[in-house]
Every structure is written in C-alpha cells, then in structure tokens.
Amino acid sequence: MNPAHSYLNHLTRRQFFAGAGLALGGVALNLLAPRLRAAGSQVGPVAPVYPPLPGFPNFAPKAKRIIYLHMNGGPSQLDTFDYKPALQAQFNQDLPSSVRQGQRITTMTSGQARFPVAPSLFKFAQHGKAGTWVSELLPWTAKLVDDITVVRTVHTNAINHDPACTFLMTGSEIPGKASLGSWISYGLGSESNDLPSFVVLTPKWSGKAPAQALFTRMWSCGFLPGRHSGVALRSQGDPVLFLENPAGVDRGMRRAMLDSLGEFNQLAFERYNDPETLTRIAQYEMAFRMQTSVPDLTDFAAESRATLDLYGPEVTQPGTFAASCLLARRLAERNVRCVQILHRGWDQHSNLPSDHRLQCQDVDHACYGLVTDLKQRGLLDDTLVVWAGEFGRTVYSQGTLTQVNYGRDHHPRCFSVWLAGGGVKRGIVYGETDDFSYNVVRDPVSLYDLNATLLHCLGIDHAKFTFKSQGLDQRLTGVEPARVVSEILA
Amino acid sequence: MNVRALRWLPSLTLILQAAFSAEGTVSFNEQIRPILSDNCFSCHGTDATHRKKRRLDTPEGAYAARNEIRAIVPGDPDDSDLWLRITSTDEDEMMPPKDSNKPPLTKAQRDLIKRWIEEGAVYQKHWAFEPIARPANPPPPATATRGAGPETIDAFVLAKLAPRQLALSPEAPREILFRRLTLDLTGLPPTPAELDAFLADTAPDAYEKAVDRLLASPRYGEHFARYWLDAVRYADTHGLHFDNIRSIWPYRDWVVAAFNRNLPFNQFTIEQLAGDLLPNPTESQLIATGYLRSNLTTHEGGSITEELIARNTADRVNTTAAAWLGLTASCASCHDHKFDPLTQKEYYQLGAFFRGLEDRGWDGNVALPGPRILLGSPAQLAQLDRVAAELAAREEALADLTTKAAARVPMPKSSEPAMYEVVWADDGDAPTPEDFQTSPLERGWREGEAVPLVSGHRALRIEGPIQRDVFFGSGDVALKMHQALRAFVHVHLDPAKRPKALSIEFLLTERWSPRRTVTKKSRRLVWGDAAAVGPAGDDTVAVGSLPLAGNYFRLEADGALAGLKLDDAYTGIRISLSDGAAWCDNIGTVVESVAEKDPLLSQVAWRTSVRQDSGFDHVALPLEILDLLQAEKSTLSPAEQKRIQSWYRNYVFGPLRGALENKLHAARALIAEQVWIEKQLAGSLVARERAQPRESHVLLRGQYDQLGEPVQPDTPAFLPPLQRSASRATRLDLARWLVSAENPLVPRVVVNRFWQQLFGAGIVRTPEDFGTQGEPPGHRELLDWLARDFMDQGWNVKRLVRLLVTSRAYCQDSRCSPMLYEIDPANRLLGRASRFRLDAEIIRDQALVFGGLLVEQIGGAPVKPYQPDNVWEPVAFTGSNTRHYQRDTGAALYRRSLYTLWKRTAPPASLATFDAPSREAFCVVRQRSNTPLQALALMNDVQQFEAARTFAASVLARNEPEPARLAFAFRCVTARVPSPRERTLLADALNTQRARLAAHPAAAEKVLTNGDSPPPPHLPPGELAAWTLLVTLLFNLDEAINRN
C-alpha cells in the first residue's frame, strides 16, 4: 500500500472531528476540552463520532436506516404468501420427479420413501388495492399489502440452518465474514452518539418445536473494525451488557469518576500522543450517555395508548416480538442505522399448522404495528423494513401427512420475503414460482441480489463496497455478479 | 505544541515523500507488485491463461507480443500497452476496465509504473516464496549496541531509520519497560515486589536476568499458548447448531506445556499435525493431534456427510495454511488462486492429507466424538481394559445363545402392530452406571433354597411399609408408551406377614435418564385395601384384591388405567407395600407398539432415538457404541455394522430381553461399569488415520458433490518438493515438509507472529497473508535474518523471544513527539515502541492479580466465571447443553481467562467485548477496537469491580499515610510513581467519592456486596467503598489498559 495513502487512511479511521479534517493530536486536545465539559452536563449537540466513509453514501439514498425482521428457522412460503390453490387436488400425491429434478434434499427427508404433496391447510384471500394473496395466518400483515413489496422468488445456496443463516446475514456460508448490519454501519457511519449504530433484538417465540440456535456471527463485524459489531439489546438483565452501575454506585459517583478519568487520560495523551487515548475519552463519555439513553429507549411510558394498540396486546411484555418492534421504531427515531430482530422458532418439520399459527401470532400484529407506526410518523419514507427467513419449506410433507397435519423440510430454492419503506415500491408482488412452489419460474432473486438491493436503497453501490481482508476485496454480495432488483425499487 | 503541529501541516506531504521514497530505483516487490496485484491480477494473474488473457504477473507474459502488442517494453513506456491502458480515458481501452468497479490508478501509482518501465521493468519473484538465504544476509553495520545477538536486530532497524534522519527513541523508563516485559512474557503485570527488585538490581545484566526469570515462569506458557489457540481456533464447544460442550481441553494444556518446556517449534508442528503417526506415540503426542480436531463440527439433522467431511477438510486446510504458511488458501477452493501461484488442484491435494482422518463428520452433540483418548491413572485405564476384555469374553460366550434365541423370535413387519414382553429385572435391578457397584444382594435380592423363584436364581424381598422403585433398562434406550403398556410383577406374599395392600405406579420422566430425572408418578394402582397404602384420591385406582399368599401370582398394571398417555416416557415402576412382606421376581412390561417406531423392536428406530436425543451425557452407552450410532450408516465398515447389530440383538432387542435377561445380567453390569469409568475420565479429541483414506477429488467450484479429477496428497509446486515416506504421502510427511530447512514460508510466518506479539504489529502486517496481496514486509532483511537464525538455532522459541525482547528496538520508549507521529503514525519504521491496548484476557487477569484473587492453577477442565445473566439463552438451541450459563463459584471464578469455557456461538462476553475472537475461524491477529461497550465492561463488570474492592481492602490494610497508599495503588496499576499533579488528582478523586458516600451510607454498604468474596469485616464500609471507586478509576486509566 502506498505509505501516504496508508497514512491518510489511518487518519480517516481515527478521524474524530468531522469538521476538523486532518486534526492532529495537539489540536484535537484543545477542541476536546470544552466538549468534555459539555458532555458532563448533557447539553449541546455533539459532532458525529463516526462519520460515513469518504464518498458514502455513493448516491442519494432512499433509506437512511434499515430494520431487518428475521424469521429464524424458515417460514413456509406455501402457508403464508405463495398461494398454490391447484395443490388442493394433489393432496398426498407424489411430488413429480420432473419438479424435483434430483435436487439435493436434506438427510432428514432424503430417506423418505415418498414425497407426498401437502397443500396448505390455510385459506388465502386477496387483499388491498394490490390484490396480494395472503393466508389467513397473517391477517394483520394482509392489511399492509399496499405498503409492501412481496418477493416470492428469493433463493439461497444453503439447505441447513447454520450455513443458511450465516449466508443470509454475512453473504457466506462459512463463519468469519462481516454481517449486513456491520457493513452498513461501516459504510454509513452512525448518526447517533448516544446509541450504537447497529442494534440486535432476540425476542421470545411461541412455536413448540425446539428452536434453532442463533449465532453472534449473524451480527458480528467479521473482518471489519470491531465497533461495527451489532450490540444485542437484551430483554432480561441489563439491556446492554454491563450497562448498569454496580450495586451502590450512583450516577453522581460515576460522573465524578469519569471527570477524574478524563483528566488522567488527558495527561496520558500528553504523555504518549496516542490518538486512541482521545477516542477512549470520547467512548467513556458515550458509555455514560448510554447509561441514560438506553433506559430511556426501553421505557415505553411515554407511548400513547393508540400507539401501543397498533402493535397488539403483547407490546407491553418485555422480550416479545411486539415489544421488539416498538423498540425498533424508537431506535429508528433515534437514528440508529440498523436494527435486526431475530425471531426464532420457525423450523416446523412436523406439526407445522399448529406451530406456524403460533409463530404468526407472535409477529403478525406487531409487523403491522411497526410499518403503520413508522408510516404515521413519516419515518417509513427513509426506513427500510425487511421480513425474511433463511430459506423456505418444501411442498412435500416431512413425516406423516394427514388431512389436518403435516411437516415441511427446508427448501432453499424459493421463498417469500417482504420489504417496505425507503426505496421500495408499495403494493406489488414480484416473481413467480412453479405450481409446487418448488422452483422459480420467473424473476429469481438470489440472496446476493437481495443484499445488493438493500444496499442500493441505502445509497450504496454494492459492487464498489469492499474491504480488503485476507488478500481479497471482501464484499457482502460475493464475487459473482449480483443484481440490484430495480423492478421493485420506487 | 499545538502551534508547532499546525505549522507542520503544509509540509506533511514533503515529509512523507522524504520518509518513504528515499531509495533511488523503483522496487518491483515493494512498490509495483502491490499496484498490479490490487488492480490487474484478478484477470491478468496466475489463472489468466485459462481465461485467454495476458499474464502480467510474470515478465514472460508481460513482455510477450500478442497480436503484435506488448504490454511492457522495458525502458519504453510509450510503446508499452500497459502504460497506454492505465492512462487512457477511453472506456473501451482503459484499465482497470469500468466493469471491474476499480477506480483508475492514482497519479502517484501511474508515475511509479512509468518510472519502473523506464528503469527496465525488472520483475522480482515474490519475496516470501524465495528461499531464505543461508547463511543469513549480513546485517548492516551496527550503530547501537546491547550485548551479543539482539544488536543485529537494532542494526537492521537503524538501517531503515538512518536515511530518514531518524534514530531509535531513548530507552523506556525502567519501570515502564519492566511492566511491558512482564505483560508481554507472562500476560500478567509485575507485582510491586518484583518491580522493586528489578529497580534495585543495578547489575548490567539486570534486564536479561528478568527476561530469563519470566521465561521460566509457568505463566509464560499460559500466555503464549493463548495466541496459538487463537490461530488454531481452539474452543470448548462444537461451534455449529447445538454447539454442545466438547472435551478437548487437554490439547489446550498440551499447548501451554509445550511453550513452557520450550518444545522446539518444528517438533511442536509435527506433533500437532501427525503425532499419531510418530512411532510409538506418547499420550502427549496423541493429545497434540487435537489440533486436527479443533475445527467446527455439527450434528444438525439434515446434514449431508460428504458435505460435512468436505467442510471440515477445507477448514483444516485453510487453518493450516494461515497458521503455518501465511497463505489465503481458501481462495483456491473454487478456482486457481488469482494472486498466488496456488492452483485449485493443489488446494485439494493439501486437503487429501486430511481425508484420511477417521472422524466421521458428525459430532453427535457429544463431548467426545471419536477418535478420542481417555486420560486416567494407569489403574483406571487398566480397569477399563479389563472390563472391555471381560465383556468381549462374555459376549463371545453368549453369542451362540443370543443368535439362536434371536432366530426364534419372529420379527414383526415394520409397520404392523406388535406385542411382546420385556423382562427388566430378574436376578437384580438393571445395572446402571450410577449404581452398578451396588450388588443385587445389597439391593434386597435374595438367593438360596428358601427363596421362592419364578426364574433365574434370585428374587427381590420387600418388607412393608416400603416403597421400592424398580428402574427399567440401563439407559440404552428411551422407553415410551407406544400403543399400550402393562407392567407386570410376579408377587409372592409372605403367608406369615401378609400385607393389607400392594400398589404399583409408573415413574414418568420428561427426559429419559435412569434414577435421576423422575419428574412425576402416574396414578397408583392398588391391590387390596386402598386406604392402607395412603389416602384415597384421584391418583389412586383400586384394581382388585390381593392374591393368595404363599404362591407367585402375576400382577399386571395397565398403563392407560394408570393415566399414561401416548408417548409418555417412563423409566420404571414403584412397588409399595402397606406392611407385611413379599417376594417379587421377573418384573417387566408387556408392550404393544408398531415396530418401526419402537427402539426395542427396530434397530433403525433405536439408532434414531439415540441420535435425536441431545442428552447423551445421561445415556448409558459406551463411547464406542455411541460413535457408531452417531456416524452416518454409509460410513460404517462391515465389521462396525456387525458390531452394532450384535449389540442391538444382545442388549436392546426387547423380545430377547425377556428370555435371556438373567443370563445377561453380568454383561450389563460390565457395560455399566465401563460407562461409569468412561464418565470418570477426562478425554480429548485426537486424530487417527483410517485404514483406507477417503478418496479425494478436486471439488468443482468448491461444491462437495461436484467431483473433478481425483487427487493424491501433495504440496504446492511453487514451494519446495515434498519428501514422501510412502507412495501415498502422509500427514507426517506434510508436517516435516512444513518445518523442513527449505520451506521459505513457515519460519518467516512464525517469526513474524512472535514479532507481532511483542512489537504490537508484524514486520509483515498481514500475518495471515504472505502472498502477493499481503503487505510487503517493512524490514524484509530483518525478517529473513530472524527466520534463518530461528531455524539455525533449532526452532528454539524461548531463545527467539529472548532475542527480540533484549533488542534496543524493543526497549525503546513509546512516547513520541507529534512530529514523529506525523512522519510515521503506524510506526512502520520502528523508531519508537508501539503502544497498544492490552488483550481481553490480560485486562481481566491483571484485575485478578491486583485484587489478589488470581488462582494460579495450571490446566484442567474449563471454568465458568462471572458472566451477566442470560448471555447464552437468547442465542442457544433449546436442546443444547450450553443453553443455560450457570457460573461456578469459589476458585473457578478467579482462574486465568485462558481457562474460561469458550462457547463459540456466544464467546465469553467480557472477553468478546475486548475483541477476543469467537474461535469459529482461525485468527492470527486480533483487532484492537475502542468502544463504549469496553468502557461499560471495565466500569461495571462484577469481575472487575470485585477485584477493585479486594484491591482497595488490601491497600487500606497498609499501615501508611493516605498519600502513600494512593501512590502505592497507582504504582501497582501503572508501574510508575504518580506525578505531583496526579497525586493531587488522586486525592481529589478519593475525597469526592468519600464525601458522596458519607452522604449515602446505605450505598456504601451496597458497594461492598458486589462479587462473591466477602469484604473484610473490620474496615469501615464508607471508607472501603470510596477506595473501591478510586481503584475502579485506576483500572479504567488509559495507561492501565495499554502496553506503554
């Protein structure tokens, strides 16, 4: 690397004062002192600690932030959005081998003697001006159809949860890459000095089947600088790890300690001229602000009855998906760049009708509440909302098929995803699958394409968005060409 | 200072040019290759020929005429197509082309290329693939001296500094240097006594003596091991899906011991990659092969075995390539490496070395998926051998009997209803690992002429009032209510002591595990006077009168009548006697089921039930049988399949249990004993070679099921040839090749990482990539000299470390002027010591040291120290045995962080906050982030705060005035004496907290409650609390968490 370039890059990474350009140590210190005093009294705007990368966004963004609702385990497209009425006549008939075409299937069903077609038990109806088909499992989401784009032809490479989730969130099945939220935080920086730029929520779920695991790698920064890792907001204990002062330590004691610490660290800076020391001083102040901003964030007392009602009755129970959605809106209001809600429990290899009903009840009303609330507040225009599992489910039943019960195995070849808000069309359905919702017939969207499209909405050219690691220009959207799905863009 | 800094700004570029472009001619390796590699080689690199494109990575390719056009004409840029292309603005001509998404070259880059072509366009081979000179290149003449040896390092460093009019910084203050050295060599801070002793030692070799003392400390091995464990992604869970506990910590301890006993690095390499292939390998050498088992594994249902094997193999290749070769091999898993001369075929040839490994891909969600080594005393291991031999002998003796018996039992068709009888207890309770040592006689079984019998030679004597539990099976199979179920007991009431009533209940459980997790009982079925066995109620059902005394009668307890529902799991029955006495014999169940779903009737169903249960820890199956059940059937050899079949027939198959139970009792006791011993012993995953290695192929586009040409184990052609010990090269050959004297990469890569560890950044700053895309070394001759010396001195790690830390370059002050910082912000010229934040483990461990809490015990099973509540639950699989974090108490809270249990999908929170890796993938260099979450952790983590409190108590116990106490505490943490200004700040800080706490006495009491260790009773709470807050301040100092 060119040394001069490297040096500039070095400065950029540590750049501290958005307006000061090449501010150097001594100058920085001078600027810092009044800010330290200001921080103590909690007044005055604070310049962004983490500006975007130079040149970012690459073009005018439609969305400034993203809320990603991940349905972990793999919701069944056949029982939610991908309506296949003709299947009713094929109950318990074998899936034609011409459809499967010898595609690999998991070893959970590869030993099955038959692949009997299991039509959805649920009634579908058309909704909204768009006339979008939605199953009775999602009555509230059905009210949203004129605000969202349903994509029925997303497909993935992975067929089991662990690699599929890793792929969905990091663009690679192999652990170690950076997650979507980390990429966004890295590129676009943070507009909040009181909260992390990437927040993750892991609500409870209701399905009875054992839930798949989540992995911190789904929100970790991989090779990107560490501060871009998602911060998991917890519903039990401290919302942010180590947020609360130890027992007996009050805010005044903490403030006094931080005042002393600031003075000591200034002396350390004078001694060593290490810019990291300045960053550290600022991070302690941000930590102190988080000690109030996070409890303020999670306190719903100021929310009106009408707002709470939008999200359904569970919104006041901490740790529910509904409460997480309201938190997501509050995070969006506070300009947090990326919020990810990972709702587990969608892996119905058996008892799908009863468990999917429970899972849908968890999320349906709350999704409606989130989109509607954002819309009412004018936030939907620049907030992108995504609803997606890591794959879909098979048309054939896993295990015993009866008139009232069935299970479905993992299906990577097509599944349904919806998007709403900043940058995407409202009230359309994109893509078409075959009569068995097995293969894509028209307008396939790979996960690379999907991620490229999300980045596009955020004003980022995915192809140019790279980070050099392990000798490669790493990219969220992989090495093969990925396509921005312009047809769904507003 | 500020004014000066500003004045420097305009001339910054000039300084940089002066600093970095001093040399005359353009260097291909240092200046041109990085540009071409970044911008051109992805199309015009090693695999360009496949794409029918020109190669620019070789002079032949670049100079050759294609269609009469030459990319480069040495000496003549204007005739060089390359020059025209990179300066063109025509979209059809310009390079890099528009669709590459790469920006045009900068003017500086273009100028360099122009100069290079003008100077003759001389190519150099990539430096790292060139042999390391022997003897080493002579060092430049030294201008600094310090003893013999390390001055050579300084000479190389000075040779780079001098042309820039720079010199080494002065030596760091002695106390700062000593803290740095102690932290770097042991991962722990010096104690005040050690510091005093060092400062008092005025001998010229005081520093060298300190180095030797620290190198001899067992803490050294613990500290150095941790970097290696990052590289080989050691962890205590499997990493994927369930992410259950894995037992491989003996390997971690082996690494610690290897550093402590200074195992030469070449031997260190060989034992890890091929310890099992050494002649008569020792236990230690087998444990070392844990390296080959420290990859991520899964047991996710639905996984495809070949895919798992392919992934595991790729993981091993990628990690080995990164840790030893500094190559980004994974690029070549789908196609030839675009930048380095590693072909896709060679990637799979490397993989072929690992395709002979015996592990089967699936981890079974168990702690010790085979192959494994069990570690115990010689007596324990001998006992295990004896039991296995006895069991084998018994099985052999029984083989004829069981085979014949099995042949007589008609096998029901898989989907048809079946009814059969199982006898669970005849001459004794079914032996389990928990209680096999209790003899049947101790458990009330009697033998002899006076004992009335139904079968066998013993019967169970019970005398009321009593409740007697009889458990079924021995943990080898889950028992469920399938269609219908009746428990039977043959009862012989004592005529002399005839009871009033007898009842039978079923013992139900949510998890099947004998004797442990009985969670509820069924309704009670009563014979005789129901009131005599307890109050009547919904849970009691009268079924009839008692039978006559003096003879055996068969009582049957119907499961449905007792309230069992379909799929309820049961573990046994409870027999209650109101009073009197009775004999019981031949106890069992009549089962109605469908064969295909009943493990007692179907071997397939048995296998499925074992595989799907995540609670294998509780299952009473020997490890060997568990392994075979976890493996994909297609991977079992005929002998292994037969083993499973005969095991099933002998010990599981229900109908046979009725007929042979009394003859199998002794064998079952042996099995239980075997399982019991296995559970007592520690174990570790090891490598073992299969009799027949798996076939290896190129995997097209890296897809496990897209087989290309077959390949044999071999090493890449651009590196020295492999010496084979057999026609098929072995892992041992690979290991010896890595550390052969000719290998140009391994010594450079290894030395670079030790340098990185001690100097904060490597001589090559991309330690994972020594290929053409990596950063060129800042001091290539120095790196080569060190690598050569390392090999010549027998790969002696401690010697290398001693050499590095005794150099003047290491001992420099890290303080630097703004000017030097501007010239060289990243310290590439090494004109000062680097200053960097301490690693996560050191930050936690030093707090334990300051607090006097550290428990200095080396090795052992991982521990679970403090973590915030609810750190595993939000992510863990519901059936995982790492779902709930239950922290330890006592000494386990205060062990070094090296011993903290590492769950890959949720690594220890306080360590992860400070950039500890997840250990999911190799990590040869950690990030050093600087976040608000770190501030919160340091201020509020109970581990830190408790240590602050205990440290505060020890300072308060010092019999000296307050200023002295403050100075002492400050010095403990920073190693230096506070300045007058700092003394004032300390006193102010303490008084502020003191005043605040005086106003809030209740708060002071609360402050002392943080952490498990009790505060000393005699100290006033307000005072101790104020001091605790002061120490927290010290723990959070920038200086405290940096290596200065």
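The figures here come from the full heavy-atom set of this structure, side chains too, leaving out hydrogens, waters and symmetry mates. Everything quoted here is computed from the prediction, not taken from an experiment.
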Taking all heavy atoms of [X] and all of [Y], pick out the closest pair and write down the distance.
X: B/Pro868; Y: A/Leu241; answer: CG-CD2, 3.4 Å
X: A/Ala287; Y: B/Pro932; answer: CB-O, 3.6 Å
X: A/Pro246; Y: B/Met939; answer: CG-O, 3.9 Å
X: B/Glu300; Y: A/His410; answer: OE2-CE1, 4.1 Å
X: B/Asn1036; Y: A/Asn265; answer: O-ND2, 4.5 Å
X: B/Leu296; Y: A/Pro175; answer: CD2-CG, 4.1 Å

Does any non-hydrogen side-chain atom of [Y] lie less than 4.5 Å from one of [X]?
X: A/Met257; Y: B/Leu1029; result: no
X: B/Ser910; Y: A/Phe242; result: yes
X: A/Met286; Y: B/Thr931; result: no
X: B/Asn1042; Y: A/Arg280; result: yes
X: A/Asn160; Y: B/His241; result: no

Pick from [options] with the largest number of heavy-atom pairs that fall under 4.5 Å of chain A:
options: B/Ser918, B/Ser303, B/Ser37, B/Ser979; value: B/Ser303
options: B/Asp915, B/Thr1028, B/Leu933; value: B/Leu933
options: B/Ser929, B/Ala935, B/Gly302; value: B/Gly302
options: B/Gly1011, B/Cys816, B/Ser330, B/Cys923; value: B/Cys816
options: B/His1000, B/Gln934, B/Arg311, B/Arg926; value: B/Arg311
options: B/Thr305, B/Ile35, B/Leu986, B/Thr772; value: B/Leu986

So does [Y] get a backbone contact from the side chain of [X], meaning a donor-acceptor N/O pair under 3.5 Å?
X: A/Arg344; Y: B/Pro874; result: yes
X: B/Gln927; Y: A/Leu224; result: yes
X: B/Arg815; Y: A/Asn273; result: no

Sort [X] into side chain, backbone, both or neither according to what part of it lies under 4.5 angstrom from a heavy atom of chain B.
X: A/Met290; result: side chain
X: A/Leu342; result: neither
X: A/Val249; result: both

Contacting region of [X] [heavy-atom separation from chain A under 4.5 Å]:
X: B/Leu327; value: neither
X: B/Phe836; value: neither
X: B/Pro907; value: side chain
X: B/Asp941; value: both
X: B/Leu938; value: side chain
X: B/Ala876; value: backbone
X: B/Glu873; value: backbone
X: B/Cys331; value: side chain

Nearest-0.5 Å distance that lies between atom [atom1] in [X] and atom [atom2] in [Y]:
X: B/Glu920; Y: A/Arg217; atom1: CD; atom2: CZ; value: 4.0 Å
X: B/Arg981; Y: A/Glu270; atom1: CZ; atom2: CD; value: 9.5 Å
X: A/Phe264; Y: B/Phe970; atom1: CZ; atom2: CZ; value: 5.5 Å
X: A/Glu276; Y: B/Arg835; atom1: CD; atom2: CZ; value: 9.5 Å
X: A/Asp473; Y: B/Asp38; atom1: CG; atom2: CG; value: 6.0 Å
X: B/Lys1006; Y: A/Asp250; atom1: NZ; atom2: CG; value: 10.0 Å

Would you check if there is a donor-acceptor pair between the side chains of A/Arg254 and B/Asn940 at a distance under 3.5 Å?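 Indeed, the side chains of B/Asn940 and A/Arg254 share at least one donor-acceptor pair under 3.5 Å.
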Is it true that the side chains of B/Asn930 and A/Gln283 contain a donor and an acceptor less than 3.5 Å apart?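 A/Gln283 and B/Asn930 do not have a side-chain donor-acceptor pair below 3.5 Å.
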Out of A/Val231, A/Asp162, A/Ile159, which one racks up the most heavy-atom pairs below 4.5 Å with chain B?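 Top count of heavy-atom pairs under 4.5 Å with chain B: A/Asp162.
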Out of A/Lys464, A/Lys204, A/Arg271, which one racks up the most heavy-atom pairs below 4.5 Å with chain B? A/Arg271
Heavy atoms of other groups near B/Asp869 CG, more than 12 under 6.0 Å: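 Count not over threshold, so no.
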Are more than 12 heavy atoms from other residues, nucleotides or ligands located less than 6.0 Å from atom CD of A/Glu244? no
Let me see the working for A/Tyr284 and B/Asp1038 under side chain to side chain contact (heavy atoms under 4.5 Å, CB included), right down to the final yes or no. CA-CA 11 Å; A/Tyr284 271 87; B/Asp1038 186 65; over 6 Å; no
I need the single residue from B/Leu985, B/Thr1032, B/Leu1037, B/Leu1034 that forms a side chain to side chain contact (heavy atoms under 4.5 Å, CB included) with A/Leu261. Which is it?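 It is B/Leu1037; the other options fail the test.
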Output, in order, the C-alpha distance, side-chain angles, deciding distance and verdict of side chain to side chain contact (heavy atoms under 4.5 Å, CB included) for B/Val875 and A/Met218. CA-CA 10 Å; B/Val875 297; A/Met218 293 169 72; over 6 Å; no
